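Side-chain atoms are counted along with the backbone in the values below, which use heavy atoms only and exclude waters and symmetry mates. Order of the sequence lines fixes the chain letters, A, B, ..., with proteins taken first and strands second; residue numbering starts at 1 for each chain. Remember, it's a predicted structure, so these values are computed and weren't measured experimentally.
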2 protein chains.
Amino acid sequence: MPDVNIHSLKALAIFKTLFEAGSASQAARTLGITQSGVSRSLSQLEQNLGLELFLREKNRLVATPEARELYEEILRLMGNIDELRHSVLALKEFGTSRLRIAAIPGLAFGFVPRLVAALLEDNRGFSISFDMMSSHDVLREVESGHADIGFVTLPVTSRQLRVEEWLTTHARCLVPRGHPLATRTAVNIGDLEDQYLVISNQPNVGADPLLNLATTHGIHIGGKTEANIGAITALVANGVGVSVMNPITATDQLSQRDGVVVLPFTPEIDFSFGLVYREDWKHARALEFIRACGRELLKEYPG
Amino acid sequence: MPDVNIHSLKALAIFKTLFEAGSASQAARTLGITQSGVSRSLSQLEQNLGLELFLREKNRLVATPEARELYEEILRLMGNIDELRHSVLALKEFGTSRLRIAAIPGLAFGFVPRLVAALLEDNRGFSISFDMMSSHDVLREVESGHADIGFVTLPVTSRQLRVEEWLTTHARCLVPRGHPLATRTAVNIGDLEDQYLVISNQPNVGADPLLNLATTHGIHIGGKTEANIGAITALVANGVGVSVMNPITATDQLSQRDGVVVLPFTPEIDFSFGLVYREDWKHARALEFIRACGRELLKEYPG
DNA sequence: GTATGCGATGAGTTTGAGTCATGCCTGATG
DNA sequence: CATCAGGCATGACTCAAACTCATCGCATAC
């Protein structure tokens, strides 16, 4: 029984051109080979597959329904090969074609998606997987090799990972438009006396820097709502309370939302985030590219 | 710049074996060629792709991370090629590798799925799409070429389509266990006097054969619920009423459901279903195979 | 009838995949 | 330390597959 051999893509490619061209002569011209080459390739392919692909009617080649279906299958395969080709290009250029990213929620709805878009714009060959998780889990994922790079808030401690600071800035105060504080040019911790606060629900509850700051300054707050960082601006916009958060996440979320005023906040609460990756990634050419994209991107953020 | 050529699958296959084997000599043994052939193929592939796939360390080949990624990509591609191979096999055997089926709801939850399973069991190369719709829409889909074959209740009229009767039988009466009629050995239309009926909600409301029969026999029914044919046995099982339906659909639905008794019904209400396909499909080898599968399947249904 | 375009095919040529023989290197062994 | 075994690279060669060339038969257009 003729085993369906697919030794040569060439025969498939010739068939594809032939099918598209409609005649062997035309296909030959397109391919830059002779008509006899096409004719031979076809008859050989037919023999190989055990399929009659073209009827020879009145000295013309007429595609059979089988040829039509095979053509579609081949189109699919060519697409797959194209993907492989793209992967190879990414592999050449960046040393990898697969980039698994883990990031904290504060960066996962704006900054990292934009970074991913920028990366893909330069090379469609990248196959990217992107997960959002807590800073601690980001470290674990990168350490264990389940992710290639991670974005975390600094400082972090990890013996195994390289840590690269990308940005250090200060937290801003988010105030609903119409709120008494909204007309100020800056907000001080003292202004938050008796204010209702919206804060991020971090895993370590006592670690919220704003609450700690309030405590050390003897400020009594009016109450607090903990929420996922992705929902905080929405809560602020709806007048639930005021919040203090890093300007990156704030900018990401406020780009489409009105009704929130962003003000400087004192005393300064440091916010620092960066990139982590395993030791064995230190030479990956992709890193340099990611850094460049990130630098470019950060310019678009205030501060 | 070296254009990433993927002329030969052979080189990729050799690389794959090499990667799996870990050494060129072993790969050569596996492939039944010589070590020098593998060595050449590799260095050529590396040149082609412009990638260093193996480091030559102390006279051993050591895979680079790039090689690892390429290997995974190649695995994927090989899988795709395998799919193509299967399609070709289906194409050889049945003249098609794609089968688009449209069927009426009464057959869509049991008979046709089982038929599809039987087809796939014989040849995994089939790519099947299956839709459920009204008998009228089935005809339209097949006529328009959106579906290759259709299953409908007969009789149908279509100038363009070939119609093939597969089974003619008589409708049965479905009675909830515990119902006064449940102990009978057969049910006559007269027995339905004052009974609550569950009937299929066909598009043409006045066309329900059971209701028509009742009318002509002067039978007064206690009431009726129209329901999707897929839900009728469930309604009967829960004591909503009795129903009369074709034995194929009944069997399909009752296989996992207790609480319903199926009885012969008089006078006989004919039920006939069959296959429709376009003229240009009359020679498709797949048809013969589908018929065989169908015949086999029908044996498992009662009478 | 002639010209043109298409496909098939026998004969000849080119190409490149694979083999053979060989050399180099390294790590194990006694 | 000497030897040996196993692994990779490479120059020279071989051979089959792929392609070209030349030519033929067939259909259609003018």
Nearest-angstrom distance from the residue atom [atom1] of [X] to [atom2] of [N]:
X	N	atom1	atom2	result
B:E52	D:dA9	CD	P	11 Å
B:Q44	D:dG11	CD	P	14 Å
A:L31	D:dA18	CG	C1'	14 Å
B:K58	C:dA28	NZ	P	10 Å
B:L42	D:dT10	CG	C1'	14 Å
B:I14	C:dG16	CD1	P	16 Å
A:L61	D:dG25	CG	C1'	15 Å
A:L55	D:dC26	CG	P	19 Å

- Would you call the rings of A:F126 and A:F289 parallel, tilted or perpendicular if under 30° counts as parallel and over 60° as perpendicular?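 Geometry flag for A:F289 against A:F126: parallel rings.
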
- Does A:R56 have a side-chain nitrogen or oxygen under 4.0 Å from the phosphate oxygens OP1 or OP2 of D:dA27?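 Answer no for this pair, as no side-chain N or O of A:R56 is under 4.0 Å from OP1 or OP2.
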
- Message: If I compare all heavy atoms of A:F54 with all of A:F15, which pair ends up nearest, and what's the gap?
- Response: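 Heavy atoms only, the tightest pair is CE1-CE1, 3.5 Å.
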
- Can you tell which of D:dC19, C:dT19, C:dG7 lies closest to the side chain of B:I33?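 Of the candidates, C:dT19 comes closest.
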
- Of all the nucleotides listed (C:dA17, C:dG5, D:dT20), which has the minimum atom distance to the side chain of A:N59?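 The closest nucleotide is C:dG5.
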
Using a distance-only criterion (donor-acceptor N/O pair, under 3.5 Å, no hydrogens), is the base of [N] paired with the side chain of [X]?
X	N	answer
A:S41	D:dC19	no
A:Q35	C:dA8	yes
A:S36	D:dC21	yes
A:R40	C:dG10	yes

Salt bridge or not between [X] and [Y]? Use side-chain N to carboxylate O under 4.0 Å.
X	Y	result
A:E66	B:K92	no
A:R60	A:E57	no
A:E143	A:R278	no

- Closest nucleotide of DNA chain D for B:S39 versus for A:T34: which of these residues is on the 5' side?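 Its nearest nucleotide lies further toward 5', so the answer is B:S39.
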
